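Comments concern the structure below.
The first residue in the sequence is number 1, and the count goes up from there. Atoms within each ligand, like the ligands themselves, are counted from 1 in listed order. Everything numeric in this text was worked out from a predicted model, so none of it was measured.
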Amino acid sequence: MRVKICGITQSDQAVAIASLGATALGFICVPTSPRYVTTAQIQAAVAQLPKNVDRIGVFANADISEISDTVINSGLTGVQLHGDESPEFCDQLRQVLPQVEIIKALRIRSVEHLDQTTNYAQYVDTLLLDAYHPQQLGGTGQTLDWQMLQQFSPGCPWFLAGGLTPDNIVTALSQVKPDGIDLSSGVELKPGDKDLTKVAKLFEKLGR
Ligand SMILES: O=C(O)c1ccccc1N[C@@H]1O[C@H](COP(=O)(O)O)[C@@H](O)[C@H]1O
């Protein structure tokens, strides 16, 4: 199972988290986020990472040229679209960045909202389900209703996100069978400052 730790702002923490076992690291490219990092900061972190660790840039309602410039200049291997991007937008982005993993994040309000995942499965590599928050786009620490996701099988690989922590991950994975998990605020001291003790506890709980 893939394990993505998101909201990395410091190169030394990126290296430490990769060596603890993360298979992907996420960098927030949304300027309003307290976890926002510049292209130069991503470049500095990425330069020190082993090649087998995926480097994902998180965007929300950015235009294709901005995403493409950031990917090319910082060495990202994937993009996570966390805003209101349409399936057509995902398809256009894929034409521009054919080698880059496209992850569409959907913020799920209720079981009915799960239906929209079918519109995206053919245009993206991976889906990511996050909890809905009326004011914030992500990094909220709010969990999804895991029971509602017991039968979830979108036709492409998917990440479970939203309020996951070392303390609730075993319960979450006893109910849901995603291809990957994504954690941010649940392994932080404060926004953008990862707690390496919590990250180590996560991998211990995962039996790795
Ligand atoms: O973390 C942020 O600040 C952020 C800002 C804008 C879009 C997405 C963001 N984070 C993503 O939110 C989910 C869940 O985070 P949490 O575990 O509930 O704290 C995660 O995928 C982050 O990539």
Side-chain angles (χ1 to χ4, degrees), residues 1-10 13-14 17 22-38 41-42 45 53-63 66-67 70 74 76-85 89-90 101-109 113 117 120 124-146 149 154 157-173 176 178-195 198-199 201-203 205-206:
M1 187 180 61
R2 297 173 75 184
V3 181
K4 172 170 168 275
I5 304 294
C6 207
I8 304 290
T9 63
Q10 301 171 29
Q13 292 191 347
I17 291 169
T23 67
L25 298 181
F27 300 92
I28 305 291
C29 305
V30 180
T32 52
S33 168
R35 303 176 182 89
Y36 173 72
V37 279
T38 62
Q41 282 174 289
I42 302 172
V53 175
D54 302 323
R55 310 102 202 267
I56 311 294
V58 179
F59 299 84
N61 304 323
D63 61 38
E66 182 192 332
I67 298 172
T70 308
S74 60
L76 293 170
T77 58
V79 299
Q80 177 176 323
L81 304 173
H82 220 96
D84 304 311
E85 299 84 3
F89 181 91
C90 298
E101 179 181 13
I102 298 180
I103 303 172
K104 176 66 186 115
L106 295 167
R107 290 167 287 130
I108 303 297
R109 284 187 215 209
H113 282 93
T117 58
Y120 285 93
V124 302
D125 298 292
T126 311
L127 285 166
L128 181 149
L129 299 191
D130 191 9
Y132 175 80
H133 186 286
Q135 276 90 39
Q136 284 169 255
L137 283 170
T140 66
Q142 283 196 213
T143 53
L144 281 155
D145 175 357
W146 300 321
L149 298 174
W158 69 285
F159 275 98
L160 177 67
L164 298 174
T165 71
D167 294 324
N168 68 17
I169 196 67
V170 172
T171 307
L173 293 178
V176 188
D179 300 280
I181 53 172
D182 180 18
L183 292 85
S184 182
S185 57
V187 286
E188 275 180 343
L189 290 163
K190 59 179 190 293
D193 187 8
K194 295 299 173 211
D195 183 335
K198 284 187 186 164
V199 178
K201 187 175 170 190
L202 170 75
F203 286 104
K205 290 287 179 87
L206 292 172

In sequence, state the C-alpha distance, the side-chain angles, and the governing distance for K4 and E101, and then conclude on salt bridge (charged side-chain N to carboxylate O under 4.0 Å, His left out).
CA-CA 14 Å; K4 172 170 168 275; E101 179 181 13; over 6 Å; no

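Formation of a donor-acceptor pair under 3.5 Å by the T140 side chain with backbone atoms of H133 is not found in this model. Judged by distance alone, with hydrogens and angles left aside, the side-chain atoms of D130 form no donor-acceptor pair with the main-chain N or O of R107 at under 3.5 Å.
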Could you pull out the N/O contacts under 3.5 angstrom between ligand 1 and the surrounding protein atoms?
from, atom 1, to, atom 2, distance (Å)
ligand 1, 1 (O), R35, NH1, 3.1
ligand 1, 3 (O), S33, OG, 2.6
ligand 1, 3 (O), R35, NH1, 2.9
ligand 1, 10 (N), G139, N, 3.3
ligand 1, 12 (O), D130, OD2, 3.4
ligand 1, 12 (O), G139, N, 2.8
ligand 1, 15 (O), G139, N, 3.3
ligand 1, 17 (O), S184, N, 3.1
ligand 1, 18 (O), G141, N, 3.0
ligand 1, 18 (O), G163, N, 2.9
ligand 1, 19 (O), S185, N, 2.9
ligand 1, 19 (O), S185, OG, 2.5
ligand 1, 21 (O), Q80, NE2, 3.3
ligand 1, 21 (O), D182, OD2, 2.4
ligand 1, 23 (O), Q80, NE2, 3.3

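In this structure S185 satisfies the side chain to side chain donor-acceptor pair (under 3.5 Å) test with no other residue, sequence neighbours excluded. The salt bridge (Lys or Arg N to Asp or Glu O under 4.0 Å) test applied to D195 returns no partner, not counting sequence neighbours. When the side chain to side chain donor-acceptor pair (under 3.5 Å) test is applied to K104, the partners found at least two apart in sequence or on another chain are E85.
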